[in-house]
Amino acid sequence: MARKFTEKKLVIASHNPGKVYEINELLSPFGVEVVSAGELGLPEPIEDGETFIANAELKARAAAKGAELPALADDSGLVVPVLDGDPGIYSARWAYNPTGDGKDFDLAMDKVRQAIEAIGENPAGQNAYFACALSLCWPDGPNDGHIETLEGTVHGTLTFPPRGTKGFGYDPIFVPINYQLTFGEMDQAVKHRISHRADAFNKLVSACFN
Ligand code: IMP
């Protein structure tokens with residue numbers, strides 16, 4: 001039985017304003033006051049876990065300890081089974097471009113295509129899924145650093161060349177099951193309803209907020 005969240009305030013363990021905004025929106029029906037790790041000036045921990053869950057938990061633990069408040073963290077990425085799960089937890093790192101401004105997802109999507117071709121498989125139509133781990137950690141003290149973690153996924157196939165300018169990251173090469181449009185082409189309200197983050201968040205709400 002998961003622990004219920006009964007506190008009034010929560011820290012979102014992220015320095016990414018887009019993620020903070022999205023989580024804030026999702027939490028708004030529950031009347032929780034939200035503050036971000038960035039606003040509190042908390043340092044970003046090194047994400048050296050080997051799974052989405054491990055990374056979400058280490059971020060949530062660090063923020064709960066630093067803020068002395070319950071903390072919610074997420075870790076997510078694109079998993080391609082034929083690539084043994086890559087880019088997976090390294091999804092952000094595959095976009096690293098030392099000569100640009102640091103993040104280049106055209107480069108990352110092309111690396112995915114090349115990696116699949118390099119093993120003699122067809123990149124187009126290849127199975128893939130997005131995964132998201134969400135961790136809610138209570139601070140040390142009466143609630144003893146307790147942690148609840150839920151994982152969400154959305155399954156689909158890859159398409160090349162990338163299509164669509166909405167969304168972010170690997171969205172232009174991902175077509176969710178039962179849809180024709182990529183995450184980069186579809187109305188973002190639809191993406192947010194069916195995404196890996198929505199799936200994880202719905203599970204978190206059922207476990208801890210209802
Ligand atoms: P994180 O901030 O360490 O969780 O990195 C997540 C990375 O996974 C992002 O930089 C994106 O590359 C990728 N990613 C996660 N969720 C999505 C999504 O909804 N669409 C596209 N890419 C995503």
Side-chain angles (χ1 to χ4, degrees), residues 12-23 25-26 36-38 42-63 71-80 83 85-97 100-113 115 126 128-136 149-160 162-177 179 181-202 204:
I12 299 178
S14 175
H15 289 68
N16 175 338
K19 262 190 198 174
V20 172
Y21 178 81
E22 208 174 303
I23 296 174
E25 289 279 286
L26 290 165
S36 77
L42 299 178
E44 288 185 76
I46 295 166
E47 290 179 38
D48 57 2
E50 289 183 359
T51 60
F52 294 112
I53 289 177
N55 281 331
E57 290 192 342
L58 72 85
K59 285 189 265 189
R61 277 208 177 88
L72 182 64
D74 96 326
D75 198 62
S76 54
L78 177 72
V79 179
V80 184
L83 296 179
D86 275 343
I89 57 168
Y90 307 110
S91 290
R93 258 172 267 178
W94 276 40
Y96 181 63
N97 177 8
D101 67 357
K103 283 268 166 70
D104 182 346
F105 280 96
D106 289 333
L107 173 77
M109 291 186 285
D110 208 50
K111 278 190 196 166
V112 171
R113 182 186 60 77
Q126 198 56 242
Y129 63 93
F130 279 113
C132 171
L134 271 179
S135 282
L136 177 59
T149 303
L150 288 306
E151 209 172 9
T153 52
V154 57
H155 287 263
T157 53
L158 299 180
T159 187
F160 294 90
R163 301 194 321 247
T165 53
K166 300 173 189 164
F168 68 97
Y170 297 87
D171 281 346
I173 58 169
F174 184 80
V175 181
I177 284 174
Y179 290 81
L181 298 179
T182 68
F183 264 178
E185 293 174 308
M186 67 176 55
D187 181 346
Q188 294 301 286
V190 177
K191 179 194 164 188
H192 292 155
R193 207 166 51 235
I194 64 173
S195 77
H196 45 316
R197 240 177 307 283
D199 186 29
F201 194 80
N202 290 339
L204 178 78

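In each ligand, atom 1 is the first atom listed, and ligand 1 is the first ligand listed.
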Trainee: Report yes or no: does D75 have a heavy atom closer than 4.0 Å to ligand 1?
Mentor: yes
Trainee: With a cut-off of 4.0 Å, which atoms of ligand 1 are near a heavy atom of G169?
Mentor: 21 (C), 22 (N)
Trainee: Heavy atom to atom 5 (O) of ligand 1, shortest distance: which of S76, S91, A198, A131 holds it?
Mentor: S76
Trainee: Side-chain contact, heavy-atom cut-off 4.5 Å: F130 with V79?
Mentor: no
Trainee: Starting from atom 1 (P) of ligand 1, locate the nearest protein heavy atom and write down its residue, its atom name and how far away it is, to 0.1 Å.
Mentor: K19 NZ, 3.6 Å
Trainee: Could you work out, for atom 17 (C) of ligand 1, the closest of F183, F168, F52, F105 by heavy-atom distance?
Mentor: F168
Trainee: Answer yes or no: is there a donor N or O on one side and an acceptor on the other, between the side chain of N55 and the main chain of G49, under 3.5 Å?
Mentor: yes
Trainee: Output the list of atoms in ligand 1 that are nearer than 4.0 Å to some heavy atom of E47, sorted by atom number.
Mentor: 3 (O)
Trainee: Contact between E185 and K166 at the side-chain level, heavy atoms closer than 4.5 Å - yes or no?
Mentor: no
Trainee: Counting heavy atoms not belonging to Y129, are there more than 12 under 6.0 Å from its OH?
Mentor: no
Trainee: For atom 20 (N) of ligand 1, what's the nearest protein heavy-atom neighbour? Residue, atom name and distance, please.
Mentor: D171 OD1, 2.6 Å
Trainee: Could you tell me the separation between the CG atom of N202 and the CG atom of L134, rounded to the nearest 0.5 Å?
Mentor: 10.0 Å
Trainee: With the threshold set at under 4.0 angstrom, would you say H196 reaches ligand 1 through any of its heavy atoms?
Mentor: yes
Trainee: Run the numbers for me: atoms of ligand 1, each under 4.0 Å from some heavy atom of K191, listed by number.
Mentor: 18 (C), 19 (O), 20 (N)
Trainee: Check whether any side-chain heavy atom of P172 sits under 4.5 Å from a side-chain heavy atom of F183, and report yes or no.
Mentor: no
Trainee: Closest non-hydrogen protein atom to atom 22 (N) of ligand 1, residue and atom name please, with distance?
Mentor: Y170 N, 3.2 Å
Trainee: Would you say the ring centroid of F105 lies under 6.0 angstrom from that of Y170?
Mentor: yes
Trainee: Under a 4.0 Å heavy-atom limit, does F174 contact ligand 1 with its side chain, its backbone, both, or neither?
Mentor: neither
Trainee: Are the side chains of S135 and R61 in contact, using a 4.5 Å heavy-atom criterion?
Mentor: no
Trainee: At a 4.0 Å threshold, what atoms of ligand 1 neighbour a non-hydrogen atom of G77?
Mentor: 8 (O), 15 (C)
